[in-house]
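Below, chains carry the letters A, B, ... as their sequence lines are ordered, and counting in each starts from 1.
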Amino acid sequence: MDIGTVAGLAIALIAIGTGIVLGGGNPLALIDAPSIAVVFGGTAGAIIVSFPIARVSKVHSIVLKSIFSKPVDPVSTIKDIVGYAEVARREGILALENLVPQMKDEFIIRGVKMAVDGTDPELINSIMETELEALIDRHAQGKQILDTTGRYAPAFGMIGTLMGLIFMLSNMDDPSKIGPGMAVALITTLYGAIIANVVTGPLAEKLSARDTEEIMVKTIVIAGVMAIQSGDNPRVVESKLLTYLPPGKRAELERKEAA
Amino acid sequence: MDIGTVAGLAIALIAIGTGIVLGGGNPLALIDAPSIAVVFGGTAGAIIVSFPIARVSKVHSIVLKSIFSKPVDPVSTIKDIVGYAEVARREGILALENLVPQMKDEFIIRGVKMAVDGTDPELINSIMETELEALIDRHAQGKQILDTTGRYAPAFGMIGTLMGLIFMLSNMDDPSKIGPGMAVALITTLYGAIIANVVTGPLAEKLSARDTEEIMVKTIVIAGVMAIQSGDNPRVVESKLLTYLPPGKRAELERKEAA
Amino acid sequence: MDIGTVAGLAIALIAIGTGIVLGGGNPLALIDAPSIAVVFGGTAGAIIVSFPIARVSKVHSIVLKSIFSKPVDPVSTIKDIVGYAEVARREGILALENLVPQMKDEFIIRGVKMAVDGTDPELINSIMETELEALIDRHAQGKQILDTTGRYAPAFGMIGTLMGLIFMLSNMDDPSKIGPGMAVALITTLYGAIIANVVTGPLAEKLSARDTEEIMVKTIVIAGVMAIQSGDNPRVVESKLLTYLPPGKRAELERKEAA
Amino acid sequence: MDIGTVAGLAIALIAIGTGIVLGGGNPLALIDAPSIAVVFGGTAGAIIVSFPIARVSKVHSIVLKSIFSKPVDPVSTIKDIVGYAEVARREGILALENLVPQMKDEFIIRGVKMAVDGTDPELINSIMETELEALIDRHAQGKQILDTTGRYAPAFGMIGTLMGLIFMLSNMDDPSKIGPGMAVALITTLYGAIIANVVTGPLAEKLSARDTEEIMVKTIVIAGVMAIQSGDNPRVVESKLLTYLPPGKRAELERKEAA
Amino acid sequence: MDIGTVAGLAIALIAIGTGIVLGGGNPLALIDAPSIAVVFGGTAGAIIVSFPIARVSKVHSIVLKSIFSKPVDPVSTIKDIVGYAEVARREGILALENLVPQMKDEFIIRGVKMAVDGTDPELINSIMETELEALIDRHAQGKQILDTTGRYAPAFGMIGTLMGLIFMLSNMDDPSKIGPGMAVALITTLYGAIIANVVTGPLAEKLSARDTEEIMVKTIVIAGVMAIQSGDNPRVVESKLLTYLPPGKRAELERKEAA
């Protein structure tokens, strides 16, 4: 589970709830069935028109995954791969087969299995690159749907508020109903703002950051599998893979090693 | 018919309608002839000034087509073309003439006919590429008009609301008319928001997605016709055409074939 | 006269007028001298600061020209040039001098005259290219001033509305004047919105579209004059010039010719 | 003095003043000390945080210069340089020393002096280019501060209006003070809109236009000094320098010369 | 301490305070616990979802550093390095070890130590470049979090205001509470505007400017250490390093030296 995502969402919601309680408001006043219908239904409709259905349904799972998957550590991935390279050097590449059950990453397993099977290196590379491209593709599509949802939710919020105001204003027989009428009208705008700023905006940012991490780790895995397959010295493998780390992490590591 | 487009539009409209009914509003209060004149007439005028008339009229049909045409499946297109390649290999290219009545895609038919007629390969390629460019061109123009409509409709909505407020405020003899006056003034803004967010925005997104699909399929058809014409082995034709698929679909296919 | 521009402007204004009449408003309530001073004067001042005066004055005529000039048809231009090429082939290039009085386009005439006079081809090309660049330049400057006007008019509309509200609110002795005061205050915002969305926005779009057409036609004319001058076969001239047409028009022509 | 800048600012202010007078408003109602403190002080603070102090202070003078400097005419600069080239050709490059007192442009003087002193051509070029780059740099920095000011002034206008509304609303004992309270609250928003749209926006545009002119003229001067220094024929100097003119000016000149 | 940042923030806050005092408002009316919870808690939550936690925590220190670190002067850095180059020329590179205690910049010290230790020049260069890239990276991440905070704070301000209005409007039994209710509702929007325009916006601009300076100085240091290490003549070292100065500073220096 990505603690940052869950904790951040909890903090935002608790902050809003605290504001309500401290301000003496009644949270139930913010729940309104017609407003839910307009904002959620309208946004869902706009998204279903905007994107092919296959894409809309797949994204659902990607978002959940981005909330519940935990971040991958490129440094431990490098250490794992260097370990496999040492085994391969010492005991031959076939010895890696015994290590497969201990491997955690599906992508490493697939690569190592192909290397053990003696698959042509170019083919291994091409298959793994294709999978990486597919991942980048899926993430871009997930982010695009989140971004579009974050544009439509406030728009349908405004549409709901306009409708509420029109109904309220066109029928002002009872002055005591004006205030509550406007209150209800504003709820859709509130829903739109919350969806865009509490949910889709931050999740899209997190997806971007996670995307960059995953691509980096998968790129390291591909380079590592290729290096193991060609029988590189474990030290060479390590120095090769370290060049894929972002400069911040690399400088940190170098300073540690110098110490 | 594109189910996503129709279903999405229906969902958005039903959501809005549900909101109205649940909220106890009278949908008829949202229909106002002067507001329709200002928003629809004004937007139409702005669009007619903005673009050459020939372009405005053509786009109409493209939008309808984008709603009613069904998505094309690149995988089944590849299967069809590989099938034609097998027939051409086995029975000679002239045998394809008999298959023309079963072909569904106009673009394939035109290409196959030229190949059967022994047209010069370069000329076939150039004619089909020209047609593809024309398609890209038409789609870009269609999307541009939708985008511009989505910018002008809310602007004319605001113009209508400003006019309504000015008339209402400059003539406030009867206080009981203030509310209804403001209600009517807001209707143009509502129209503008609905046009931009229910109609033109999502349709423009869908056009983009559909555009990408159609270009991909037509590019596959061109490559396929060229390969058939040059007498390629059906397996080679297939592997050539698969490279045009997006990485997601390719990875899916490769995993299926590996299974 | 560009029918689209004039008809579109008329439609937008008629739509607004219809809305006013149907809604029972008094159009005179929208005319207010101080508002005109603030929005038109303020925007004019901002534009005069923003751009060199020479540029501001020239643009005036370009905008009028863009309204009153009629679109040029690239296909008929190609036909004309092919006709001149036939005459030049049959009767010699000097025979073109007799055709000059029938030519409609200034730019063709200048090019043909230089060709007849035996001017060096490179010089003809360079002079015509310079003129084309100057045209592109003038159009870009015209469009930039329209775009900037479309940004400042709503801004001065808001400035006028703020001033009107401040004066009205700071002096509320007579409650019956509050409504009319706000009405007048809103008029400047209305003017700004109308200038930006009825006038400058659509005209800037049209200028862009017309610009593209004119550049295409002038590019065809330059290529045509160069081809005539070098004594090309009329068929070759035609096929050369057709490559300058946008794919849509070319596909149309090719299909017609195939029929 | 740049007549366009001064006249434009005057026109905008007169337009606003006319609007006030015609509308019967009291201009003094728009002057409010707390509002001045919030908008001007707040914007100044934000700018001082945003940019190094050295830069903030220098820009002050650049803006004044952009208002009071008069536009430079590239054509007369070319004529001047061609004149110097003739003198240098006829009487030797040292004769230019006597012309220095008549020269108006500092940049030409520095270049001519170096040429007369027999400075190495490459060094002359490098020194003049460095100075030109420094000018471009200073202008970009000036424009950036104007743009940022134009973003912060409306923001502090909004901050002031929000504070004014909060104070007014939280203390509504005397209903007759509500109007004037809101009026005062809106003044900060008005100040922000005027600063952004009357002052910084147009001045930034003018700086851009002036920048382009100055760079062109300085580039012409550098090319001219280099050509004089190398003893080029005055006709060659002229034709070399004319290529730096924008196409519009060049086409104009060519037509005049052809007449 | 960066005087500009501190002075600018003080000026902005004093300006706002002056506005409040001059306008007769009660500053305590702007402090509201529920509003603080919604805006600060909500924005913090959105930021924690948006970025990996490691990054959020690190940025904290970078922002503080950008407020308290003083600007580095590239000219004095060049003078220092030229001084070290003179010592190295005169007394040999090992003599630099004695100067280390007087050196102020960590980055110079690390470079000089490596040069004194006889580290391979390419390795020195690569290690220092990696550290520079890491710095650029950290700054970009710091700026991105500031920018995102500046987008979310106003959004949560709007969310708070909408909630406040809804609670106030849905419960209007006591008319005397309407004003204060709206006042409190607006406080969140005020907080959002102040965070974005007084804090994050200007600090992000300053970080950008400081970033550019630091990168320039660090690039000069790298070039200087490499030049010292290769035993360059101090004059050559100086002229090499001066080319890294921005044109404005260079022109200034050249004019001073010419005087």
Side-chain angles (χ1 to χ4, degrees), chain A residues 2-26 29-30 67 71 157 176 178-187 189-191 193-194 196-199 201-206 208-210 213 246-252 254-255 258, chain E residues 32-56 58 126-127 129-138 141 144-145 148 151-152 154-173 175 178 181 184-185 188:
Chain A
D2 181 335
I3 295 173
T5 302
V6 177
L9 286 174
I11 289 171
L13 294 176
I14 289 171
I16 291 175
T18 307
I20 294 173
V21 171
L22 285 183
N26 176 5
L30 300 180
I67 296 180
S176 76
I178 294 177
M182 281 190 66
V184 170
L186 286 176
I187 288 176
T189 294
L190 177 66
Y191 287 175
I194 287 178
N197 294 296
V198 179
V199 185
L203 281 187
E205 291 273 4
K206 169 61 68 60
S208 272
R210 184 61 31 98
E213 282 173 22
K249 289 234 157 166
R250 217 155 72 222
E252 208 178 274
E254 273 164 15
R255 229 168 307 163
Chain E
D32 182 60
S35 302
I36 291 170
V38 170
V39 178
F40 287 78
T43 304
I47 292 297
I48 290 169
V49 175
S50 297
F51 301 103
I53 293 175
R55 213 159 128 183
V56 174
K58 253 187 240 162
S126 135
I127 289 176
E129 288 283 356
T130 298
E131 201 131 329
L132 177 55
E133 278 173 51
L135 177 94
I136 294 173
D137 219 54
R138 279 201 308 273
Q141 292 185 354
Q144 198 191 356
I145 294 192
T148 308
R151 276 207 328 270
Y152 281 119
F156 280 92
M158 195 182 84
I159 287 173
T161 296
L162 285 167
M163 291 197 309
L165 288 177
I166 291 168
F167 291 135
M168 187 270 286
L169 289 164
S170 62
N171 192 358
M172 298 206 319
D173 303 334
I178 295 177
V184 170
T188 52

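- The greatest number of non-hydrogen atom pairs below 4.5 Å with chain A, out of A155(E), A134(E), S50(E), is found for S50(E).
- Of all the listed residues (V184(A), I20(A), V198(A), V199(A)), the one sharing the greatest number of non-hydrogen pairs under 4.5 Å with chain E is I20(A).
- Within the 4.5 angstrom heavy-atom criterion, no atom of F40(E) approaches chain A.
- Rounded to the nearest 0.5 Å, atoms CD1 (I11(A)) and CD1 (I47(E)) are 11.5 Å apart.
- Considering only heavy-atom pairs separated by less than 4.5 Å from chain A, the leading option among T148(E), N171(E), V39(E), V49(E) is V49(E).
- Annotation for V38(E) and G19(A): closest pair CG2-CA, 3.8 Å, computed over non-hydrogen atoms.
- Shown here for G4(A) and I48(E), the closest heavy-atom pair between the two residues is O-CG2, 3.5 Å.
- Put simply, CD1 on I36(E) and OG1 on T18(A) are 12.5 Å apart, with the number rounded to the nearest 0.5 Å.
- Note that CG of L30(A) is 10.0 Å distant from CG of L162(E), once rounded to the nearest 0.5 Å.
- Summarising the geometry of L169(E) relative to A183(A), their closest heavy-atom pair is CB-CB, 3.7 Å, with the distance given to 0.1 Å.
- Taking every heavy atom of both residues into account, Y152(E) and G201(A) meet most closely at OH-C, 3.0 Å.
- Heavy-atom distances place the side chain of A209(A), and not its backbone, under 4.5 Å from chain E.
- Interatomic distance, OG1 of T5(A) versus CZ of F51(E), reported as 12.0 Å (0.5 Å rounding).
- Listed by first and then second residue, the side-chain hydrogen bond (donor to acceptor under 3.5 Å, both in side chains) pairs involving residues 35-49 of chain E are D32(E)-S35(E) (not counting sequence neighbours).
- Proximity to chain A (any heavy atom under 4.5 Å) is shown, for I159(E), by both the backbone and the side chain.
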Pair M163(E)-L190(A), side chain to side chain contact (heavy atoms under 4.5 Å, CB included): steps then yes or no: CA-CA 7 Å; M163(E) 291 197 309; L190(A) 177 66; 3.6 Å; yes
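- Per-residue counts of heavy-atom pairs under 4.5 Å with chain A were compared for D137(E), I136(E), I53(E); the largest is that of D137(E).
- The minimum heavy-atom distance between A37(E) and A15(A), with the atom names listed, is O-CB, 3.3 Å.
- The choice from G160(E), A44(E), G45(E) that makes the most heavy-atom pairs within less than 4.5 Å of chain A is G45(E).
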